[in-house]
**Q** 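Sharing a structure with you now.
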Amino acid sequence: MEGYLDPATYTDVIARVKLPSSSWMWQEDKVNKTLVCFSHSFSPDRKIVIKTISVVSMNKVELFLNGKQIFPRNVKTNFNVIEDLSNIIGAVEVSNVCDGIVELSLANVCVTSRCSAVKDGKIIRSNRCTGLTENNVCLNCKFLKKYLMTRKKQLGCKAERTGIQKKNQQQKRNLAMRRILQQGKLVSGIVSNLEKEKQTLTITNQKLIKEQKKNNFDEKLKCLSPTEQLIVKTMMDKAKAKPGKDNCKKGMRYDPLFLMHCLQIRLKSSKTYRHLKANGILPLPSLESIRKLFQTRGQLISCQECKETVVCEEADLPDDFTAKQYTAFRNRGGLIFVTIPVFQSIREVEKIISSQFEDDGHYLVRDSYEICMSKIKVLNLCPFFCDTHRADSYPYLIMEFVQVRYHFESKRFQERNLAEVDSNVRQNFKMAKLA
């Protein structure tokens, strides 16, 4: 009887299988191609109970209760001959529907996923409920009820213990409050005496603080790094200086090392320098002071070790060194021979500057100097100067070279592009005098 049942087999099964009562009826399920035997009745709570037996093969059936497939322990689902099917239908007929758990006191008890349950109105059933059973309640629902009763007792004991603990804690708080109130009376007298002593100590401390401020400031200043100490001292000097025109400090004298750091900031980014100066983040000198510092040409190298890495004699350079021959050819007694690392570094810097001046419209580029310095900053130049002064002297020397190149470039631009304009102006000026 595999698959769809033909009319001959359908009639044979109906004739050979004896039904237990008249409530059972046969029907062909054309959708699933099986033969179905079902009955309906009313439960004590006036609900319709539909029991269904679906014959899926010659030796197997499937059981359904109200449309849900069930697997009861007391009913077999396999048979050998068609006559055994009558015994299966009879067993389903006499089996009772599982009543579940109807105790309302267990409805609010939480259950774990290991033993979960579902609610059917006011009735609680196990997810593994077999549906049909010989007794009123199946084994899985009995196990669930036992578990819920145990869980309820555990929660009740826990709530009782929690209540006792809260009561004990409240008693301890009350006792502690009594002790605090008793001690408060004693403390109030002590506090009044302490306030009087505090007033006397405040007067004496103010005098001592004024005397120790100077010493404490110097001690705290020693905890800072040398650069931080330099910045703090510069701030203090600026605070002592008298305000002049445009809120500028009159007579302010900056430390040479601090000016060197200011030059490095200006060299790296002029916008950053303006921001730090405008917002008062650092006590930086004005841009005019920096420009004056640019124009100074004092002795750059005072360290003998630094001087040996930069300046050399003509004999120290190799004969095939082109820069040596060019310097010697142009020298009239004032030029200085430099070491090979200095020449190589200046040559790389000169490439950047020359590329900046290749375009005739370079004078129209905004912040041309800052753009050029930003390109030079990423170069991997040969190191010279000693380790102590390299961080300060190296960028200053490069900056000086770039300043000189920009100065001569501006002169060359004026001679080339403005010579004709100047001549026309002079000619017109003469003609205006003659007129």
Side-chain angles (χ1 to χ4, degrees), residues 201-310 369-370 373-374 376-381 383-400 402-403:
L201 291 174
T202 302
I203 297 172
T204 55
N205 286 336
Q206 289 177 354
K207 296 179 181 179
L208 293 174
I209 288 172
K210 291 180 181 179
E211 296 177 357
Q212 293 180 357
K213 272 186 178 179
K214 295 181 180 180
N215 297 330
N216 291 338
F217 179 78
D218 294 337
E219 291 178 0
K220 292 179 180 179
L221 193 62
K222 293 179 181 179
C223 299
L224 301 176
S225 64
T227 305
E228 292 173 340
Q229 292 181 18
L230 179 61
I231 295 173
V232 174
K233 289 180 179 179
T234 306
M235 289 181 176
M236 296 301 295
D237 294 340
K238 190 171 184 179
K240 295 177 183 179
K242 297 180 180 180
K245 187 178 180 181
D246 296 333
N247 294 327
C248 295
K249 296 298 182 178
K250 186 177 181 180
M252 180 65 184
R253 293 293 180 266
Y254 291 94
D255 187 271
L257 183 58
F258 182 79
L259 290 175
M260 183 61 67
H261 289 298
C262 295
L263 283 173
Q264 292 178 2
I265 296 174
R266 175 64 177 78
L267 177 64
K268 292 179 180 179
S269 175
S270 61
K271 294 181 180 179
T272 303
Y273 189 92
R274 296 191 192 100
H275 176 75
L276 296 175
K277 173 67 177 175
N279 294 277
I281 300 174
L282 289 176
L284 300 176
S286 62
L287 292 175
E288 185 64 27
S289 299
I290 294 296
R291 293 189 187 97
K292 291 179 180 179
L293 188 63
F294 283 161
Q295 297 173 1
T296 58
R297 296 293 187 269
Q299 182 65 24
L300 181 63
I301 303 174
S302 58
C303 176
Q304 185 62 29
E305 185 178 356
C306 293
K307 191 172 182 179
E308 292 176 356
T309 61
V310 177
Y369 177 78
E370 286 77 5
M373 294 304 297
S374 63
I376 295 172
K377 183 172 62 175
V378 298
L379 292 177
N380 188 14
L381 302 177
F384 50 88
F385 291 113
C386 67
D387 296 337
T388 304
H389 302 102
R390 183 178 297 130
D392 297 332
S393 301
Y394 205 131
Y396 185 76
L397 180 62
I398 299 299
M399 180 186 64
E400 286 281 292
V402 176
Q403 286 284 328

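When a residue number appears, it is its place in the shown sequence, counting from 1. Hydrogens, waters and symmetry mates play no part in the numbers below; they use all other heavy atoms, side chains included.
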**Q** For Thr227, enumerate each residue passing the side-chain hydrogen bond (donor to acceptor under 3.5 Å, both in side chains) test, keeping only those at least two apart in sequence or located in another chain.
**A**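 Per chain and number, Thr227 pairs via side-chain hydrogen bond (donor to acceptor under 3.5 Å, both in side chains) with no residue.
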**Q** Holding to side chain to side chain contact (heavy atoms under 4.5 Å, CB included), I want the full list of residues that pass it with Asn380, two or more places apart in sequence or in another chain.
**A**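 Result, side chain to side chain contact (heavy atoms under 4.5 Å, CB included) vs Asn380: none returned.
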**Q** Under the rule for salt bridge (charged side-chain N to carboxylate O under 4.0 Å, His left out), what residues qualify as partners of Arg390, not counting sequence neighbours?
**A**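 For Arg390, the residues satisfying salt bridge (charged side-chain N to carboxylate O under 4.0 Å, His left out) (neighbours in sequence not counted) are Asp387.
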**Q** How far does CG of Leu230 sit from CE of Met235, to the nearest 0.5 angstrom?
**A**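 The distance works out to 10.5 Å.
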**Q** Rounded to the nearest 0.5 Å, what's the gap from OG1 on Thr272 to CG on Leu284? Could you check?
**A**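 With rounding to 0.5 Å, OG1 (Thr272) is 11.0 Å from CG (Leu284).
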**Q** Compare every heavy atom of Phe258 with every heavy atom of Pro285, then report the nearest pair and how far apart it is.
**A**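 Closest heavy-atom pair between Pro285 and Phe258: CD-CE2, 4.2 Å.
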**Q** The criterion is ring-ring contact (aromatic ring centres under 6.0 Å, His included); which residues satisfy it with Phe384, sequence neighbours excluded?
**A**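 Checked Phe384 against ring-ring contact (aromatic ring centres under 6.0 Å, His included); matches are Tyr394.
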**Q** Could you grab the distance from atom CD of Gln403 to atom OH of Tyr396, nearest 0.5 Å is fine?
**A**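 If I round to the nearest 0.5 Å, the distance is 9.5 Å.
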**Q** By side-chain hydrogen bond (donor to acceptor under 3.5 Å, both in side chains), which residues pair with Gln229, not counting sequence neighbours?
**A**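 Not a single residue meets the side-chain hydrogen bond (donor to acceptor under 3.5 Å, both in side chains) criterion with Gln229.
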**Q** Kindly indicate whether the side chain of Asp255, heavy atoms from C-beta on, has any atom under 4.5 Å from the side chain of Lys233.
**A**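 Heavy-atom side-chain distance check fails, nothing below 4.5 Å.
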**Q** Which residues pass the side chain to side chain contact (heavy atoms under 4.5 Å, CB included) test with Leu201, sequence neighbours left out?
**A**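 Residues passing side chain to side chain contact (heavy atoms under 4.5 Å, CB included) with Leu201: Thr204, Asn205.
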**Q** Can you tell me how far apart CD1 (Ile231) and CG (Leu224) are? Round to the nearest 0.5 Å.
**A**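 The CD1 atom of Ile231 sits 9.5 Å away from the CG atom of Leu224.
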**Q** Just wondering, do Cys306 and Ser393 contact through their side chains at under 4.5 Å, heavy atoms?
**A**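 Sidechains of Cys306 and Ser393: no contact.
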**Q** Output all residues satisfying side chain to side chain contact (heavy atoms under 4.5 Å, CB included) with Thr388, sequence neighbours left out; order by chain, then residue number.
**A**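 Once residues adjacent in sequence are excluded, the partners of Thr388 under the side chain to side chain contact (heavy atoms under 4.5 Å, CB included) criterion are Cys386.
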**Q** Going from NZ on Lys307 to OG1 on Thr309, what distance comes out if it is rounded to the nearest 0.5 angstrom?
**A**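 OG1 of Thr309 is found 11.5 Å from NZ of Lys307.
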